[in-house]
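Below is one structure, written out as structure tokens; comments come after it.
Along the sequence shown, residues carry numbers from 1.
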Amino acid sequence: MCYGCQRLPSKAELTDPTRRTLTSPPPPEAATDNAVVVENLRDRLAETEARLERARAREAELTRQLEEMKRFVCVMEILECYLKRRYREQEVKTLAVVNGTKYV
């Protein structure tokens with residue numbers, strides 16, 4: 001995985017016995033390189049956390065909108081049932097008037 005001009009060491013490089021030991025201090029340029037890589041990773045982590053926070057906020061907003069739409073659909077279904085019932089009642093009344101029978 002590359003990070004600009006920097007790259008993370010491979011597993012083989014990390015486990016290579018010919019590489020420096022923990023007791024020998026790293027060369028100054030290696031410490032600087034490591035600091036740059038660490039800073040780069042911290043920046044990327046901060047960006048990822050910010051994107052995650054924005055995604056969670058967006059998800060919360062979409063969930064709120066979905067619940068609002070569900071309530072709206074529920075109200076529309078209630079209105080539809082009411083209007084169908086009223087239509088049938090009016091239809092029965094109209095047929096009763098046309099046929100000359102008394103509507104009860």
Side-chain angles (χ1 to χ4, degrees):
M1 190 180 291
C2 292
Y3 300 96
C5 295
Q6 306 297 322
R7 71 172 182 81
L8 292 177
S10 68
K11 185 176 179 181
E13 290 172 334
L14 290 173
T15 58
D16 184 5
T18 60
R19 291 187 51 89
R20 66 176 174 82
T21 63
L22 293 176
T23 57
S24 66
E29 66 275 355
T32 304
D33 290 348
N34 287 342
V36 169
V37 169
V38 167
E39 188 60 33
N40 188 352
L41 290 173
R42 284 186 180 141
D43 289 345
R44 291 180 64 201
L45 178 61
E47 290 170 7
T48 301
E49 288 173 344
R51 280 196 313 272
L52 180 60
E53 186 176 336
R54 287 191 302 271
R56 286 183 176 151
R58 179 72 175 141
E59 179 187 17
E61 175 63 19
L62 290 173
T63 300
R64 186 193 63 75
Q65 288 178 2
L66 177 62
E67 291 304 316
E68 186 178 317
M69 287 179 176
K70 284 180 180 178
R71 284 192 302 275
F72 177 78
V73 167
C74 184
V75 168
M76 290 297 112
E77 288 172 345
I78 292 168
L79 283 172
E80 180 185 27
C81 290
Y82 170 77
L83 291 172
K84 281 181 179 178
R85 183 173 45 99
R86 289 288 308 207
Y87 176 79
R88 284 191 298 269
E89 290 171 357
Q90 290 298 322
E91 189 177 36
V92 168
K93 284 181 183 179
T94 304
L95 288 174
V97 169
V98 169
N99 292 335
T101 60
K102 184 175 181 185
Y103 174 74
V104 180

Could you list the donor-acceptor pairs under 3.5 angstrom formed by side chains in residues 71-85, with sequence neighbours left out?
none

For this session: Any chance you could measure N40, atom CG, to L45, atom CG, to the nearest 0.5 Å?
Result: 11.5 Å
Exercise. With a cutoff of under 4.5 Å between side-chain heavy atoms, which Ile, Leu, Val, Met, Phe, Trp and Tyr residues group with M69?
Worked result: none
For this session: Applying side-chain hydrogen bond (donor to acceptor under 3.5 Å, both in side chains), name anything that partners E68, two or more places apart in sequence or on another chain.
Result: R64
Let me have the donor-acceptor pairs involving side chains of residues 49-58, under 3.5 Å, with sequence neighbours excluded, atom names and distances please.
| residue | atom | partner | partner atom | Å |
| --- | --- | --- | --- | --- |
| R51 | NH2 | T48 | OG1 | 3.4 |

For this session: Mind running side-chain contact (heavy atoms from CB on, under 4.5 Å) on V92 and R88 for me, showing each step along the way?
Result: CA-CA 6 Å; V92 168; R88 284 191 298 269; 5.5 Å; no
For this session: Output all residues satisfying salt bridge (Lys or Arg N to Asp or Glu O under 4.0 Å) with E59, sequence neighbours left out; order by chain, then residue number.
Result: none
